[in-house]
There are 2 protein chains.
Amino acid sequence: MPLSTADRSVLEPAIRRLNALRPLSPEARAALEYAMLEGLQRAGAGEDLISEGDPVDSVRIVLSGWLCRYKTLEDGRRQIVNFIFPGESCDSHAFLLSTMDHSIATLTPVVYAEIKRARFDSLLAADRSLAEAFLCEMLVNEAIQREWVINLGRRAALERVAHLFCEIFERLRPVGMVDGNSCAMPVTQTDLADATGLSVVHLNRTLQELRASGLIVLRDRTLVIRDIDALKSTALFSPSYLRLYRGGREHG
Amino acid sequence: MPLSTADRSVLEPAIRRLNALRPLSPEARAALEYAMLEGLQRAGAGEDLISEGDPVDSVRIVLSGWLCRYKTLEDGRRQIVNFIFPGESCDSHAFLLSTMDHSIATLTPVVYAEIKRARFDSLLAADRSLAEAFLCEMLVNEAIQREWVINLGRRAALERVAHLFCEIFERLRPVGMVDGNSCAMPVTQTDLADATGLSVVHLNRTLQELRASGLIVLRDRTLVIRDIDALKSTALFSPSYLRLYRGGREHG
DNA sequence: CGGCTGATTGATCCCGGTCAAATGAGGTGG
DNA sequence: CCACCTCATTTGACCGGGATCAATCAGCCG
């Protein structure tokens, strides 16, 4: 459903993030903000925003809430292949391939801006910085996807869960969604299991191990990182793939 | 080292592949061919074309040979996150992020075309079909990366290796690198293990299982698929993510 | 209160890792 | 041509991380 009124501040995560990837010209920023405000939408928790096989003809930019990309095997095994956080966009350029090869579900209530393909194309055509910002977003997304491959392929359960927490924390930070050493963690253990390729039972035991070693507190849908350095080192976490600092600006 | 002379036919895989993703205008095709011919390079087997942390300022389009993208953890664990086959490009737009977050190694001798960033940018700026073709390539690459996450997260060893073989076969087919039901497989079992997240020992035993059940023959660096349907079904392989057929052209 | 979903625990099993050694296949130098 | 080295493949034995199955517990809602 469209939002009738909204002030510009809901757009902040998206603008902040894109601007960190590529400094946006004031005109590009204004044009994008205008387009986003016109396409504001809400969705409840646990909805499929779009499913495998569905046609794509717009871009959605998430403004608040968590989503996940996932795929399901014929026999029901599910794998979450990525999370989508505020400021990130769902399907930048995906319409070039016409249909989705995976599904996107909301994990919490979500506010997002939907921009139709033609509109999006003309926004990007009008401003190079904007086009580059969205390209950078795709590139970072690819890098995250690669890191997930390593996580699943070569890290043990404890490292794997620790790594996921580090990544989530560092991805939420630049959009202002962490508070000191804690952040929201509005997902079930089943979701975390599906994201880490573990069974729910073993994920639960792994969480207990992380708690027992004093690395984290996870309660009431809130993650508190008690010892970030220790967590990063048990995760073998090295954040460069997230491009958090001066994301490639030196060539820009 | 640059190739002194070369006829246009070496470019065929790349042109064929890009053209399948987006029909290229004749002018775009000619301009791209010209740029590629000027930047032809060779590399031997087992070289790192580029390493994690290296600056990027060009695009490389592979014309023959196999490469892989990989990352290594501090303690030496290695994960191959993707293969790169003839017709595919290494780093389209990657220069936007300045540096590599992973490494690319040759698995065989390789011929590729290197195009400097500025040149590449102006090629894409001059022709929309070309820009879209490279965007599609990125999108397909992302989809493959996601499928690898599922492969490592939710498929058992046998399914996983079968899936990898299905994917390789289907990626090689459109560039004319399969011969009936067989294709080259110029990699060691260590490489296959690093790509599937298995140990070499277990990968070896998994191969034997695939051979014993009559699905494949793998000998002398050649893979023969004896029963493609059975292989696909043990792999739970569904090729839509590869966009092999009319890759998104209906919206183009 | 009953039903539902999510978190937790216990018991058992087996897939796949690890360690170690053997075998094979080139390649090279004497 | 053979001795030797290196690298890839294969095999054997053993172990343990994580899956599976099943039950219990804790909130939450109607």
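The figures that follow rest on heavy atoms only: side chains count, while hydrogens, waters and symmetry mates do not. Since this is a predicted model, take the numbers as computed values, not measurements.
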Inset, instruction - Assign B:G197 to base, sugar-phosphate, or nothing according to its heavy-atom contacts below 4.0 angstrom with the strands shown. - result: sugar-phosphate
Legend entry - salt bridge (Lys or Arg N to Asp or Glu O under 4.0 Å) assessment of B:R42 paired with B:E47: CA-CA 11 Å; B:R42 287 183 188 283; B:E47 291 179 19; over 6 Å; no
Inset, instruction - Output all residues satisfying salt bridge (Lys or Arg N to Asp or Glu O under 4.0 Å) with B:R155, sequence neighbours left out; order by chain, then residue number. - result: B:E147
Inset, instruction - Please name all residues satisfying side-chain hydrogen bond (donor to acceptor under 3.5 Å, both in side chains) with A:E12, sequence neighbours left out, ordered by chain then number. - result: A:R16
Legend entry - Dot-bracket pairing map - DNA chain D, Watson-Crick plus G-U, both contacts under 3.5 Å, | cross-strand: ||||||||||||||||||||||||||||||
Inset, instruction - Tell me what B:S199 touches on the nucleic acid: a base, only sugar-phosphate, or nothing, going by heavy atoms under 4.0 Å. - result: base
Inset, instruction - Applying ring-ring contact (aromatic ring centres under 6.0 Å, His included), name anything that partners A:F237, two or more places apart in sequence or on another chain. - result: A:H163
Legend entry - Sugar-phosphate only, base, or nothing, as touched by B:R221 at under 4.0 Å among non-hydrogen atoms: sugar-phosphate
Inset, instruction - Test B:F85 against every option in B:W66, B:F169, B:Y112 by the ring pair (Phe, Tyr, Trp, His ring centres under 6.0 Å) rule and name the one that passes. - result: B:W66
Legend entry - Set of side-chain hydrogen bond (donor to acceptor under 3.5 Å, both in side chains) partners for A:S58, sequence neighbours left out: A:E114
When the side chains of residues 222-229 of chain A are checked against the rest of the protein, which donor-acceptor pairs come out under 3.5 Å, sequence neighbours left out?
from, atom 1, to, atom 2, distance (Å)
A:T222, OG1, A:D220, O, 3.3
A:D227, OD1, A:D229, N, 3.3
A:D227, OD1, A:A230, N, 3.0

Legend entry - CG/B:D179: more than 12 non-hydrogen atoms of other groups inside 6.0 Å: no
Inset, instruction - Would you kindly give the CG-to-C1' distance between A:L203 and C:dA7, to the nearest whole Å? - result: 11 Å
Inset, instruction - Kindly state which residues belonging to residues 146-166 of chain B come within less than 4.0 angstrom of DNA chain C, counting heavy atoms of the residue only, listed by number. - result: B:A156, B:A157
Inset, instruction - Tell me, please, which residues at least two apart from B:T196 pass side-chain hydrogen bond (donor to acceptor under 3.5 Å, both in side chains). - result: none
Legend entry - Intermediate values then yes/no, side-chain contact (heavy atoms from CB on, under 4.5 Å), A:D194 and A:I80: CA-CA 5 Å; A:D194 284 347; A:I80 292 180; 3.9 Å; yes
Inset, instruction - Please list, in 5' to 3' order, the outermost nucleotides of DNA chain D lying under 4.0 Å from any heavy atom of chain B. - result: D:dA8 to D:dA13
Legend entry - With sequence neighbours excluded, residues passing side chain to side chain contact (heavy atoms under 4.5 Å, CB included) with A:P174: A:L244
Inset, instruction - Could I get the full list of side-chain hydrogen bond (donor to acceptor under 3.5 Å, both in side chains) partners for A:E88, not counting sequence neighbours? - result: A:R171
Which atom pairs link the protein and nucleotides 8-14 of chain C when you take only N or O atoms and keep those under 3.5 Å?
from, atom 1, to, atom 2, distance (Å)
C:dT8, OP2, A:Q189, NE2, 2.6
C:dT8, OP2, A:N204, ND2, 2.8
C:dT8, OP2, A:R211, NH2, 3.3
C:dT8, O5', A:N204, ND2, 3.3
C:dT9, OP2, A:Q208, OE1, 2.6
C:dT9, OP2, A:Q208, NE2, 2.8
C:dG10, N7, A:R205, NH2, 2.3
C:dA11, N6, A:R205, NH1, 3.3

Legend entry - Ionic contact status for B:K232 with B:E167, cut-off 4.0 Å: no
Inset, instruction - Return the value, rounded to whole Å, for the distance between atom CD of A:E209 and atom C1' of C:dA7. - result: 17 Å
